[in-house]
There are 2 protein chains.
Amino acid sequence: MTEAIDILNSHNIRPSVQRIAILKYLLEHRIHPTVDDIYLALNPTMPTLSKTTVYNVLRNLVENGAVLALTIDEKNVRYDADISLHAHFRCQSCGELYDLKQPSMSDENIPGFEIENVHVYYWGKCPKCMNKK
Amino acid sequence: MTEAIDILNSHNIRPSVQRIAILKYLLEHRIHPTVDDIYLALNPTMPTLSKTTVYNVLRNLVENGAVLALTIDEKNVRYDADISLHAHFRCQSCGELYDLKQPSMSDENIPGFEIENVHVYYWGKCPKCMNKK
DNA sequence: TTTCATTTTTGTAATGATTACATTTTTGAT
DNA sequence: ATCAAAAATGTAATCATTACAAAAATGAAA
């Protein structure tokens with residue numbers, strides 16, 4: 001499994017052990033984890049890992065466009081290794097964060113602005129919570 | 001000028017002096033201010049105002065749908081008294097936050113989800129910074 | 001208008017995520 | 001093997017936000 005390494009290389013990020021581990025975790029756990037989620041998950045197998053490193057690596061990944069930082073959760077930033085164009089939905093009942101298809105959007109209404117990035121955040125009730133009456 | 005009072009009433013928020021002042025400030029300063037901006041702006045004329053009150057009032061306003069909380073700025077939450085459907089753009093050069101027209105979006109791709117709220121955030125370069133070479 | 005319960009505001013202290021920074025470790029080229 | 005650059009680490013600091021308890025304001029009922 002060299003996917004993480006390939007991604008790092010293609011974004012001009014040197015593939016250190018920690019960077020590979022963190023990106024690998026993100027690729028294999030599409031749960032939009034927080035810094036703490038990642039740190040706690042990796043710590044057992046990487047006891048020397050520092051939480052500062054998790055912060056450093058994630059900032060690096062985000063700055064180089066290898067990972068998305070989501071601010072849909074008011075408490076914590078959440079990270080997403082899926083950088084394809086898609087939207088996010090957060091359930092106001094259970095807090096779960098879902099991937100949704102990016103809606104097709106008209107972009108002709110922003111002349112003069114050079115857009116590099118778009119995030120679409122939805123809030124509401126997810127199907128699971130809809131069924132709980 | 002009773003607009004602030006009317007808005008508070010229509011959202012079932014009792015119009016206290018502090019709530020009126022904060023909402024009034026938001027209505028008259030469409031700059032998407034932070035908690036600190038608001039506190040510092042009002043403090044000279046309301047010396048007894050507490051920053052905790054600004055937090056409390058804004059949480060109340062947001063929970064009752066009278067004001068939007070924007071998380072487009074990674075440092076601070078920004079508040080917007082314009083609750084009509086519109087998008088936001090943040091310039092990665094100068095940090096300025098702009099209102100943009102909400103793009104027309106197809107919503108047929110989210111069956112089972114009950115959507116109550118949408119935020120569309122754009123990042124990129126604003127016209128002013130585009131002209132600075 | 002006085003009384004009294006409820007709501008709101010206030011100030012301080014606590015929390016918790018994130019960053020700054022100095023040190024140590026690792027890396028990779030020579 | 002050497003050495004400079006890059007990366008990781010741990011601790012301390014920062015800073016936005018919240019918790020909480022006390023004080024103040026409000027508004028309805030008597």
Side-chain angles (χ1 to χ4, degrees), chain A residues 4-5 7-9 11-26 32-64 66-79 95 97, chain B residues 4-5 7-9 11-25 32-64 66-79 90 95 97:
Chain A
I5 298 176
I7 292 174
L8 291 170
N9 281 327
H11 286 87
N12 298 313
I13 303 168
R14 276 164 55 171
S16 71
V17 173
Q18 289 83 351
R19 289 168 179 170
I20 294 168
I22 290 169
L23 180 53
K24 200 160 181 286
Y25 177 82
L26 279 171
H32 315 97
T34 64
V35 165
D36 248 64
D37 291 336
I38 298 168
Y39 175 72
L40 292 174
L42 296 182
N43 200 42
T45 51
M46 285 185 85
T48 63
L49 180 67
S50 160
K51 197 182 282 191
T52 298
T53 299
V54 180
Y55 277 102
N56 290 341
V57 167
L58 287 170
R59 169 156 9 93
N60 190 339
L61 291 171
V62 170
E63 281 176 358
N64 287 286
V67 155
L68 295 182
L70 308 176
T71 56
I72 195 172
D73 173 353
E74 59 282 350
K75 293 284 178 202
N76 298 92
V77 179
R78 298 180 162 275
Y79 295 90
L97 187 43
Chain B
I5 297 177
I7 292 174
L8 291 170
N9 282 327
H11 286 87
N12 298 313
I13 303 168
R14 276 163 56 170
S16 71
V17 173
Q18 290 81 352
R19 287 167 179 169
I20 295 168
I22 291 168
L23 181 52
K24 201 159 180 288
Y25 178 81
H32 313 98
T34 64
V35 165
D36 248 64
D37 292 335
I38 298 168
Y39 175 73
L40 292 174
L42 297 182
N43 199 42
T45 51
M46 286 185 84
T48 62
L49 180 68
S50 159
K51 198 182 280 189
T52 298
T53 299
V54 180
Y55 276 102
N56 290 341
V57 167
L58 287 170
R59 170 157 10 92
N60 190 340
L61 291 172
V62 170
E63 280 177 359
N64 287 286
V67 155
L68 296 181
L70 308 176
T71 56
I72 195 172
D73 173 353
E74 58 283 350
K75 293 284 177 201
N76 298 92
V77 180
R78 297 180 163 273
Y79 295 90
R90 191 165 134 88
L97 187 43

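Proteins get letters first, then strands, A, B, ... in listed order; numbering begins at 1 in each. These numbers come from a predicted model, not from an experiment.
Closest approach of A:P44 and A:A41 over heavy atoms only: CD-O, 3.4 Å.
For the pair B:M46 CE and D:dA25 P, the interatomic distance rounds to 12 Å; values are reported in whole Å. In this structure, the CG atom of A:N60 is 8 Å from the P atom of D:dA8, given to the nearest Å. Going from atom CG of A:L49 over to atom P of C:dT25 covers 16 Å, rounded to whole Å. Protein atom CG of B:D36 is 16 Å distant from nucleotide atom P of D:dT14, rounded to whole Å. The nearest whole Å value for the distance from the CG atom in A:L8 to the C1' atom in D:dA6 is 15 Å. In this structure, CG of B:N56 is placed 15 Å from P of D:dA21, rounded to the nearest angstrom. Spacing between atom CD of A:E74 and atom C1' of C:dA17 amounts to 14 Å, rounded to whole angstrom units. We find that CD of B:E63 is positioned 15 Å from P of D:dT17, with the value rounded to whole Å.
Residue B:T48 has no polar side-chain atom (N or O) positioned under 4.0 Å from OP1 or OP2 of C:dT9. Residue B:T52 places no side-chain N or O under 4.0 Å from the OP1 or OP2 atom of C:dT9. Remark: B:Y55 is in phosphate contact with D:dT17, judged by side-chain N or O atoms under 4.0 Å from OP1 or OP2. Residue A:R14 places no side-chain N or O under 4.0 Å from the OP1 or OP2 atom of C:dT27. At least one side-chain nitrogen or oxygen of B:Q18 sits closer than 4.0 Å to the OP1 or OP2 atom of C:dT10.
Two residues are said to be in side-chain contact when any heavy atoms from C-beta on lie closer than 4.5 Å; B:L61 and B:H11 fail this criterion.
Between the side chains of B:D37 and B:T34, at least one donor N or O sits under 3.5 Å from an acceptor N or O.
No contact: B:T34 has no heavy atom under 4.0 Å from any strand. In this structure, B:T53 reaches the bases: a heavy-atom distance under 4.0 Å links it to at least one base atom across the strands shown. Among the heavy atoms of the strands lying under 4.0 Å from A:N76 are primed sugar atoms or P, OP1, OP2 only; no base atom is included.
Nearest to the side chain of A:V17, among C:dT27, C:dT9, C:dT19, sits C:dT27.
Nearest-nucleotide positions on DNA chain C for B:K51 and A:R59 put B:K51 closer to the 5' end.
A:S16 is linked by a side-chain contact (heavy atoms from CB on, under 4.5 Å) to A:Q18, A:R19, counting only residues two or more places apart in sequence or in another chain.
Of the listed residues (B:N64, B:L23, B:N60), just one forms a side chain to side chain contact (heavy atoms under 4.5 Å, CB included) with B:L8, and that residue is B:L23.
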